[in-house]
Novice: 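Would you mind keeping the following structure in view while I ask a few things?
Remember, predicted model here, so these are calculated numbers, not experimental data.
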Amino acid sequence: MQSRTEIRPLAAHGHSGRAVVRDLLVHGPRPRAELARRLRLSPAALTKVTRELLESGAIRPSEQGATDTGGRPGVPLEVAVADHQMVGVKVTGDGVYAVRTDALGCVMRTARAELTTTDVDPVVAQIIEMVKEVAEDAPVEAVGIGLAGAMARFDDRVRLSLYLGWDDVPLADAVERACGLPTVVSNDVRALTAGVHWSGPGRGHDDLAVVTTGVGLGLGLVVEGRTHAGVGGRAGMIGHHRVDPGGPVCDQGHRGCASSYLTTAAITGAVAVAHGEPGMTLERVCELADAGDGVARRVLDDAGHALGVVVASLVDLLELPLVILAGDGIPAVVRTRDALERSLAEHLDAGAQPPEVRFLMSDFDEWARGAAVVASQWVLLEPARARRVWARRHQHEPSRRGAGA
C-alpha cells in the first residue's frame with residue numbers, strides 16, 4: 001500500500017487517465033469494458049491507462065465486487081476518493097464557509113466565520129485562515145471558491161461581484177501564495193450545481209438545471225454531463241426573464257420580470273406593504289401563508305406562477321428532464337408547489353416532456369461543498385495551472401502533501 005507522500009495528485013495524470021477518474025467519479029464504479037466503451041478507448045489503451053492509475057493509487061478495485069459484462073466477469077474500478085481531497089469555500093456578504101471533502105464532494109470537515117466588512121483585504125485574509133484550518137494535515141490537492149459574480153467556469157479572479165462590491169480581484173493567486181494549494185474561483189450557483197450533479201440529487205443525470213432563489217435568482221446548467229458556463233462565463237442570467245408585461249417593477253426598472261416576483265425582497269416587500277409591517281421577513285411570510293393569510297398566499301402563488309414560466313422556458317429550450325430548486329428562498333418556494341405545477345403545465349410546449357422538479361434544502365455548507373467539486377473538476381479538466389502551483393510547492397517541500405503538512 002502506498003504512503004500518502006507517494007500518491008500523485010489527480011492533476012498529474014495524463015488526459016486519458018483523468019478522463020477515467022472523472023467518469024468513475026460522475027457515474028460510480030465501472031468495469032474496464034464499460035469504461036472503454038464510454039471513453040472510446042481500445043481495450044489495450046484502457047488497460048494501459050488503468051494499470052498506471054492502479055499503480056499510482058488513484059483508483060482501486062471496487063468493494064462492490066464483480067459484475068457480469070457480456071458473459072465475462074469484470075471487477076468494477078472506483079476512485080480512491082479519500083486520498084484526493086479538496087477544500088471548498090462559499091463567500092457571502094456576511095460570512096465565509098469552508099469545507100474539506102473527498103474527491104467526490106463528501107464533506108469531512110467544516111468551518112465558518114462571520115464577516116464584519118466586505119473590504120477585500122480582511123475577507124481574503126479570512127478565506128486564507130479558513131482554508132488552512134480545514135486543510136490541516138490532509139491530502140488536499142486544490143481549493144475551490146464560490147461567490148456571486150461573472151467568473152468564467154474555472155477562473156482565477158473575482159469579476160463583477162455586485163453583492164461584495166468586488167471586481168478584478170486576484171483571489172486565486174492570493175490563496176495559492178499563502179497556502180501553497182492550487183486555487184480556482186467560480187460563480188457560486190455554478191459551484192452549487194457541480195455539487196448537485198456529482199454527489200447530490202442530480203447524480204446520475206447528464207442534463208439538468210439548478211434554479212436558486214433568495215437575494216437574487218440564479219441558474220446552473222448541466223448539459224451532456226458538463227456544467228455549462230457559456231462563452232463568457234455568464235450563462236444563467238434568468239433574473240430579468242419577462243414573466244408578465246403588466247407585473248410589478250423590479251429594482252432595475254423592468255416590469256414583470258422574474259426578479260420582481262421571486263426574490264426575497266420582492267416577496268417580503270409585497271406582503272409588508274399590505275400588512276403595514278416594514279420589518280417583514282421570509283419566515284414571517286411563510287407563517288402567514290400557513291395560517292391562511294390571503295395576501296401572503298396570493299404573493300406566493302404569484303411567485304410560483306413566475307417560477308413555472310421560467311422553468312417551462314428552460315425545458316422548452318433545452319429539453320431538460322430534471323430541474324432542482326434551491327437557495328435560501330426555498331422555504332417560500334416549497335409553498336408555491338401547486339401554483340408552480342399549474343404554471344408549468346400552462347406554459348410548457350405541447351410536445352415537451354414535463355420535467356421532474358425536486359426541492360433542495362441547502363445551507364451554505366452545501367454551496368461550499370459545490371466549490372470543492374469545482375476544484376475536482378478543474379484539476380481533471382484543466383490541470384495546467386494546478387500543475388504549476390504543485391511544481392513550485394514541491395521545489396521547496398518535495399515530500400509533503402496538504403496545507404498543514
Novice: Residues two or more places apart in sequence or in another chain: which of them pass side chain to side chain donor-acceptor pair (under 3.5 Å) with Asp173?
Specialist: Arg177
Novice: Are Thr268 and Val299 packed together at the side-chain level, in the sense that at least one heavy-atom pair is separated by less than 4.5 angstrom?
Specialist: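 Answer no - side chains too far apart.
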Novice: Does a side-chain heavy-atom distance below 4.5 Å link Leu181 with Trp390?
Specialist: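 Yes; the side chains approach each other to less than 4.5 Å.
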Novice: Any donor and acceptor pair, going by atom type alone, linking the side chain of Thr118 with main-chain N or O of Gly93 inside 3.5 Å?
Specialist: no
Novice: Would you find more than 12 non-hydrogen atoms of other residues, nucleotides or ligands less than 6.0 Å from Glu319 atom CD?
Specialist: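 Not buried by this count: 12 neighbours or fewer within 6.0 Å.
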Novice: To the nearest 0.5 Å, how far apart are CG in Leu39 and CD in Glu34?
Specialist: 10.0 Å
Novice: Taking all non-hydrogen atoms of both residues into account, name the closest pair between Trp198 and Ala103 and its distance.
Specialist: CZ3-O, 3.8 Å
Novice: I'd like to check Arg159 versus Asp167 (side-chain heavy atoms, cut-off strictly below 4.5 Å). Are they in contact?
Specialist: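 Side chain of Arg159 against side chain of Asp167, heavy atoms only: contact under 4.5 Å found.
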Novice: When you measure from the side chain of Arg100 to the backbone N and O of Arg109, does any donor-acceptor pair fall under 3.5 Å?
Specialist: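 Such a contact is absent between Arg100 side chain and Arg109 backbone.
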Novice: Could you check whether any side-chain N or O of Thr336 sits under 3.5 Å from a backbone N or O of Val333, counting only pairs where one atom can act as donor and the other as acceptor?
Specialist: yes
Novice: Distance check, rounded to the nearest 0.5 Å: Arg8 atom CZ versus His84 atom NE2?
Specialist: 10.0 Å
Novice: Which atom names give the shortest non-hydrogen contact between Met86 and Leu10, and what distance separates them?
Specialist: CE-CD1, 4.3 Å
Novice: Stepwise, does the side-chain contact (heavy atoms from CB on, under 4.5 Å) test hold for Val211 with Leu314?
Specialist: CA-CA 10 Å; Val211 178; Leu314 291 172; 3.9 Å; yes
Novice: Check whether any side-chain heavy atom of Leu219 lies under 4.5 Å from a side-chain heavy atom of Leu217, and answer yes or no.
Specialist: no
Novice: Output yes when a side-chain donor or acceptor of Asp349 lies under 3.5 Å from a complementary backbone atom of Asp316, and no otherwise.
Specialist: no
Novice: When rounded to the nearest 0.5 angstrom, what distance separates CZ in Arg226 from CZ in Arg153?
Specialist: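 So the CZ of Arg226 and the CZ of Arg153 are separated by 6.5 Å.
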Novice: Considering non-hydrogen atoms only, spot the tightest contact between Leu24 and Arg30 and give its length.
Specialist: CD2-N, 3.6 Å
Novice: Does a side chain donor of either His13 or Glu52 reach within less than 3.5 Å of an acceptor in the other side chain?
Specialist: yes
Novice: Under 6.0 Å between the ring centres of His254 and His241?
Specialist: no
Novice: Report the C-alpha separation of Arg297 and Asp301 in whole Å, then their side-chain angles, then the decisive distance to 0.1 Å, and conclude whether the salt bridge (Lys or Arg N to Asp or Glu O under 4.0 Å) test is met.
Specialist: CA-CA 6 Å; Arg297 282 287 357 141; Asp301 283 349; 3.0 Å; yes
Novice: Look at atom CD of Glu277 and say whether more than 12 heavy atoms of other residues, nucleotides or ligands are closer to it than 6.0 Å.
Specialist: yes
Novice: Taking all non-hydrogen atoms of both residues into account, name the closest pair between Val295 and His275 and its distance.
Specialist: CB-NE2, 3.9 Å
Novice: Are the side chain of Trp378 and the backbone of Val185 linked by a donor-acceptor contact shorter than 3.5 Å?
Specialist: no
Novice: Could you walk me through whether Asp302 and Arg298 pass the salt bridge (Lys or Arg N to Asp or Glu O under 4.0 Å) check?
Specialist: CA-CA 6 Å; Asp302 287 348; Arg298 176 58 186 269; 3.2 Å; yes
Novice: Identify the heavy atoms of Pro122 and Thr117 that sit nearest to each other, and give their distance.
Specialist: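 Here Pro122 and Thr117 meet closest at CG-CG2, 3.6 Å.
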Novice: If you look at every heavy atom in Arg60 and Leu54, which pair is closest and at what distance?
Specialist: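 Where Arg60 meets Leu54 most closely, the heavy atoms are CA-CD2, 3.6 Å.
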Novice: When you measure from the side chain of Ser199 to the backbone N and O of Leu104, does any donor-acceptor pair fall under 3.5 Å?
Specialist: yes
Novice: Does Leu35 reach the side chain of Leu41, with side-chain heavy atoms less than 4.5 Å apart?
Specialist: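 Sidechains of Leu41 and Leu35: no contact.
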Novice: Please identify each residue that fulfils salt bridge (charged side-chain N to carboxylate O under 4.0 Å, His left out) with Asp207, with sequence neighbours left out.
Specialist: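 Testing Asp207 for salt bridge (charged side-chain N to carboxylate O under 4.0 Å, His left out), a comparison that skips the adjacent residues, returns none.
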Novice: Are the side chain of Arg335 and the backbone N or O of Leu300 linked by a donor-acceptor pair below 3.5 Å?
Specialist: no
Novice: Is any side-chain heavy atom of Val158 less than 4.5 Å from a side-chain heavy atom of Val120?
Specialist: no
Novice: Working to the nearest 0.5 angstrom, can you tell me the gap between Arg51 CZ and Ser56 OG?
Specialist: 13.0 Å
Novice: If we check side chain to side chain contact (heavy atoms under 4.5 Å, CB included) with Tyr97, which of these qualifies: Val91, Val89, Asp363, Thr92?
Specialist: Thr92
Novice: Checking the side chain of Thr213 only, and the main-chain atoms of Gly327 only, is there a donor and an acceptor separated by less than 3.5 Å?
Specialist: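 No.
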Novice: Can you confirm whether Arg337 sits close enough to Phe359 that some side-chain heavy atom of one is under 4.5 Å from a side-chain heavy atom of the other?
Specialist: yes
Novice: Could you pull out all donor-acceptor pairs under 3.5 Å where a side-chain atom in residues 242-250 meets a protein atom, sequence neighbours excluded?
Specialist:
residue: Arg242; atom: NE; partner: Arg255; partner atom: O; Å: 3.0
residue: Asp244; atom: OD1; partner: Gly246; partner atom: N; Å: 2.9

Novice: Do any N or O atoms from the side chain of Glu176 and from the backbone of Thr183 form a donor-acceptor pair under 3.5 angstrom?
Specialist: yes
Novice: Quick check for you: to the nearest 0.5 Å, what is the distance between Glu356 atom CD and Leu322 atom CG?
Specialist: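 Between Glu356 CD and Leu322 CG, I get 5.5 Å after rounding to 0.5 Å.
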Novice: Check whether any side-chain heavy atom of Val389 lies under 4.5 Å from a side-chain heavy atom of Arg392, and answer yes or no.
Specialist: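 A side-chain contact exists here, since the closest heavy-atom pair is under 4.5 Å.
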Novice: Please check this pair: side chain of Ser161 against backbone of Ala148, looking for a donor-acceptor N/O pair closer than 3.5 Å.
Specialist: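 Present.
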Novice: Can you tell me how far CZ of Arg284 sits from CG of Asp293, rounded to the nearest 0.5 angstrom?
Specialist: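 Here the interatomic distance stands at 8.0 Å.
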Novice: Taking atom CZ as the centre, does Arg203 end up with more than 12 heavy-atom neighbours from other residues, nucleotides or ligands that are less than 6.0 angstrom away?
Specialist: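 For Arg203, atom CZ is crowded (more than 12 foreign heavy atoms under 6.0 Å).
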Novice: May I ask you to decide whether Glu129 forms a salt bridge with Lys132, counting only side-chain N to carboxylate O separations under 4.0 Å?
Specialist: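 Not counted as a salt bridge, because no side-chain N and carboxylate O are separated by less than 4.0 Å.
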